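Let me begin by presenting the structure, written as structure tokens, before commenting on it.
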Amino acid sequence: MNMNIESYPKMEEEILSYWEKNKIFEKSVEKRKNNKKFVFLEGPPTANGLPHPGHVLTRTVKDVVLRYKTMKGYYIERRAGWDTHGLPVEIEVEKMLGLKNKQEVEKYGIEKFNEACKESVFRYEEAWKEMTRRVGFWIDMENPYITLDNKYIESVWWSLKEAWKKGLLYRGYKVTPYCPRCGTTLSSHEVAQGYKEVEDPSIFVKFKVKGKDEYFLAWTTTPWTLISNVALAVHPDEWYLKIEYEGEKLILAEERIAVLLKGKEYVEIDRYRGKELEGIEYEPLYKFVIPDKKCWYVITADFVTMDEGTGIVHIAPAFGEEDYEAGLKYDLPIIQLVDLEGKFKREVAPWAGKFVKDADSEIIEDLKRRGLLVSKQTYKHQYPFCWRCDSPLLYYAIESWFIGMSKLKKELVKNNEKINWYPAYIKHGRFGEFIKEARDWALSRKRYWGTPLPIWICKKCKKEICIGSIEELKEKAVNFPEKLDLHRPYVDRIILKCDCGGEMERVEEVIDAWYDSGAAFFAQWHYPFENEEKFWQNFPADFICEAIDQTRGWFYSLLAVSTLIFDDAPYKNVLTLGLILDEKGQKMSKKARNYVEPNEIFAKYGADALRWYLISSSPPWQPKRFYEKVVKEALSKFLLTLWNVYSFYETYASLDKFDYEKNFVEIDKRELIDKWLISKLNSLIKEVEEKMEKYEIHKAARLIEEFVINDLSNWYIRNSRKRFWVEEESIEKMAGYSTLYEIILNISKLIAPFVPFIAERIYLDITNNESVHLCDYPKYNEELIDKELEEKMEKVRKIVEEARAIRAKKGIKLRYPLKEIIIVGEKLEEFEDIIKDEINVKNVIFAENEERFMEKVAKPNYSKLGKKFKEKTKEVAKIIESTPIDELIGKEIYGMEIEEEDFIIELKEKEGYAVGKIDEYILALNIVQTPELLREGFAREIVRRIQEMRKELNLEMEEKIKVEISIDKNRLGEWEDYVKRETRSEEIAYKENPEGDYIKEWKIGDEKIRIGIKRIMI
RNA sequence: GGGCCCGUAGCUUAGCCUGGUUGGAGCGCUCGGCUGAUAACCGAGAGGUCCGGAGUUCAAAUCUCCGCGGGCCCA
């Protein structure tokens, strides 16, 4: 069968239908049903967008590992999953429906909106299924877990109640980026999209120390937050000075004075460590409300920097995350005087109803009038804007539900210790650092499409309960519906009865979709309501694999949920993958249009080529540049070479009707090179296994590639071809076929996890079995590994290379045979034939020393001779060069004796030899071309040209021809028969003007020769 | 702004952990060769600031620090 770039994808399609028709995937799983389990947990993708090259990578790598483990005998259930909830889905749908903000969503109706979300999630399901099928990822997509199922949600609810029971699900505030116009918080991903450089006011403000005529000097770029100020923060370990400056007493950081008052005059009055200032009270700038807790005093905080401002930071817990946390630490009140539209509330009399940012200038004016403003400038910095409506975002304390992960830091760290990370540095690096500092998980979203937070509050007594199952909901519900859907708005309509007799209503929030997917390891089994045994069999998972951006995503949410509920690690091995970049190393994005469509690649070069590139190019965790050319290269370099090896075997073996069962030759009776290749194969199997166990799949792949291209194709086949050309039956030929058959069979199995299509094609072609994917992975046989043989062959290859280099230097074409090569060094007699063939010499001679082709020559030592012989030096030099060495010392010239130091002994190639060195070997090629040798070379020139003409005529290999050549008969001499045999010529005629079906004039050396060939019809 | 990863020939990369002759390969390029399995192969050549700088050391691609560039995550 012929295979090229065009036909390769077609071959894959055929294999795909073969697999489907014969249910090979199902059989491959079923077959290992009673074996040891290997548990894989699929990270659920969201199907509300088309798959891109990154998804192809994850699916490929997962597939490689799973196919490998399957062939190693493990039973692996491969259940697909879909992640279906979350803000990205809502935003997609908002865009589609043309809704601009939450108000419009609610006007449109939550019921209809969520319906649209549900539909949108599966809009691209077909595209995903097709990509998955086409790339050859074997996973059960018929029976996936889906995060929107009632059962799945119920399991999530159960876990939330577990957290609730432990007191780890609580209500608090979280400062989040908030768009006042859209009325929603934004996820960090959205915020990151909208940073712009802007100019904001930069003001220095005085805060009067209570009861003293001194002021703290603070700096801010958001004057409107001063309304909600509750404290001033200093760094505990920095020095602060009280100074007199322009008649006023000011307190600020020493380091900042040096910058701010550079060159100005001031008097130092006193100095303090930051922590000494702690607790000092000051008078607030504004007092629109009476706070319910103690405030307006100095606190200390490590986040205060000496990089900008005064070293004193104004604290408004309502509007900054660090502020909020400092507020928690010091139990400060939250003064929230801004409404959800970003406008000041009624209490802020002068600016009520005004958008906060617009009030900045008036507030500054007010402070100036009251003499509290020290300086006013503008300040350029990055500030986030809403990517949708472009209004400036506000950091805003929003009431939110939390999971107290910060209390579980130790457990997180402990459980992380049980996990093997690939690459290992993530474990204590990016991931380890992150969990060490774990913060409470802001779980709730004031949104619509998500798992509803199962908390109900009594309207009468304000009691809160957490519901942990449908059963519990049913028990307590006043109006349990007949048809249950746990999503909003249906679940919101369920009223529960409180112990106090009052009615309970659900809170409005849904939960973060990351919690959904983080619960996959038990929620997919509907644990603990069903499948208890199944769950424990599958916990913890042996293997998960996703891109590196999931470190703080799914990798974290899984560990977090598992630590929270089970106090254990949910997975044992995690393989992280690098991102896919474009040709220039930039991230792929739809915006930049640097996007390669996976489908185009599949259609053009096929999935194997894409898979092989992704796997073999670099370690899995390294970012990968991805573009058409590299895929094409993987195909032509590796896959087509492999195919051609197979096709070579297939061509000759079928010509000879080779049957492995019948014609099998014992290994002992095979040629040396056969044994060598078998040894190499077994070494390869051993190394591949070692690499795969360490998830170094790129190294395994490279080893295989090296073997196929280098050892199998470029060495073994090249050297064995002649054996197969012989038409008569021979044991050597059958030994070769036996070897090739075994090698190809094993290679098809070895590559099956990596490039499953070509592996299957080859396997099906050479066996009568059902599928390579039902086979066990090859095991190596230590007895067949002969390291000594492998090393010797390595030396032979080096010798051959060097000999060819010598020929090239001397300009003697490989086609022209030479008499002999002399090799000084360890004897490699058993490889004589290979060496003869490869460098086209008649004899290989292993010698003890180089005497045979090297001679010692004396070179005049001019610096000595010059002094001794003056103007006669040149003459003496000539004499020295022409006198045999042993006669030199003591020889008298012009009355003086030649001494040892008058000449230098050098080694020189003897006439007719060309010499080279490689490692511990010295090689000498006899380069004397006798007429006989030249005739033979000439015969090969003729053969080569007739062959090319046969090719151009598209002749079958068996077809016979007649040849006419414009040379004298004795130019070929004794080689005429050889030419006939090689070119399948019945007859050679020597004519000045050759005739035939095809006549061509050739140049051989300086000579023009015409050749005509004629088919012989049978 | 912080954490982590990466930077070696035009491209893809080995070597770095554990410092030690002349930094190795493949693709591409030039020249030459081989070829009835091959879109393949073989030989020679051109092509390197091992991202830059400093330090440690007898010795640095390799270890340390500081920069620069790219990526990811978090602000």
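Because only heavy atoms are used, hydrogens play no part in the values below, and waters and symmetry mates are left out as well, while side chains stay in. Within every chain, numbering begins at 1; the chains are lettered A, B, ... in the order of the sequence lines, protein sequences first and strands thereafter. Computed from a prediction, not measured in an experiment: that's the story for all the values here.
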#### Entry: Distance-only donor-acceptor check, side chains A:Glu628 and A:Tyr605, under 3.5 Å
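Looking only at side-chain atoms, A:Tyr605 and A:Glu628 do form a donor-acceptor pair, the distance falling under 3.5 Å.
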Could you give the [atom1]-to-[atom2] distance, from [X] to [N], as a whole number of Å?
X	N	atom1	atom2	result
A:Glu838	B:rC42	CD	C1'	9 Å
A:Leu712	B:rA37	CG	C1'	11 Å
A:Phe648	B:rC41	CZ	P	17 Å
A:Lys604	B:rA39	NZ	P	20 Å
A:Leu640	B:rA37	CG	P	17 Å
A:Leu703	B:rU13	CG	P	17 Å
A:Asn719	B:rC41	CG	P	16 Å
A:Glu801	B:rG32	CD	P	22 Å

Tell me what [X] touches on the nucleic acid: a base, only sugar-phosphate, or nothing, going by heavy atoms under 4.0 Å.
X	result
A:Arg940	sugar-phosphate
A:Ser618	sugar-phosphate
A:Val645	base
A:Ser617	sugar-phosphate

I'd like the [atom1] distance from [M] over to [N], given in whole Å.
N	M	atom1	answer
B:rG2	B:rG67	P	9 Å
B:rG43	B:rG7	C1'	33 Å
B:rG28	B:rA9	C1'	11 Å
B:rG55	B:rG69	C1'	23 Å

### Donor-acceptor pair (no angle test) under 3.5 Å: A:Arg625 side chain, B:rU12 base
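No.
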Watson-Crick/G-U partner (both atom distances under 3.5 Å) of [N]:
N	value
B:rG1	B:rC74
B:rC11	B:rG26
B:rC50	none
B:rG69	B:rC6
B:rG32	B:rC42

Any N/O pairs under 3.5 Å between the protein and nucleotides 22-28 of chain B? List them or say none.
residue: B:rG26; atom: O2'; partner: A:Lys637; partner atom: NZ; Å: 3.0
residue: B:rC27; atom: O2'; partner: A:Glu633; partner atom: OE2; Å: 3.0

Strictly below 4.0 Å: does [X] bring a side-chain N or O up to OP1 or OP2 of [N]?
X	N	answer
A:Tyr652	B:rA37	yes
A:Arg944	B:rU35	yes
A:Arg718	B:rC41	no
A:Arg721	B:rA37	yes
A:Thr641	B:rA40	no

### Task
Identify, with sequence neighbours excluded, every residue that meets side-chain contact (heavy atoms from CB on, under 4.5 Å) alongside A:Arg718.
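Scan of A:Arg718 (side-chain contact (heavy atoms from CB on, under 4.5 Å), adjacent residues dropped) gives A:Trp715, A:Arg721, A:Arg804, A:Glu838.
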### Query
Are the ring centres of A:Trp421 and A:Phe555 closer than 6.0 Å?
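They qualify: ring centres under 6.0 Å apart.
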### Query
Hey, do the aromatic rings of A:Phe658 and A:Tyr652 have their centres closer than 6.0 Å?
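Here the rings of A:Tyr652 and A:Phe658 have centres that are no less than 6.0 Å from each other.
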#### Entry: Over 12 foreign heavy atoms within 6.0 Å of NZ, A:Lys427
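Yes, NZ of A:Lys427 has more than 12 neighbouring heavy atoms, counting only those of other groups under 6.0 Å.
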### Query
Taking the side chain of A:Asp549 as heavy atoms from C-beta outward, which of B:rG33, B:rU35, B:rC73 is closest to it?
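Out of B:rG33, B:rU35, B:rC73, the nucleotide with an atom closest to A:Asp549's side chain is B:rC73.
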### Query
When you check the gap from the basic side-chain N to the acidic O, do A:Glu433 and A:Lys436 get nearer than 4.0 Å?
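Yes, this pair counts.
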Nucleotide N/O of nucleotides 4-8 of chain B paired with protein N/O under 3.5 Å:
residue: B:rC4; atom: O2; partner: A:Arg430; partner atom: NH2; Å: 3.0

### Task
Starting from the C-alpha separation in whole Å, work towards a yes-or-no answer on salt bridge (charged side-chain N to carboxylate O under 4.0 Å, His left out) for A:Arg723 and A:Asp674.
CA-CA 12 Å; A:Arg723 252 200 275 174; A:Asp674 296 331; 2.9 Å; yes
### Query
Short question: side chain of A:Arg984, backbone of A:Lys960 - any donor-acceptor pair under 3.5 Å?
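No.
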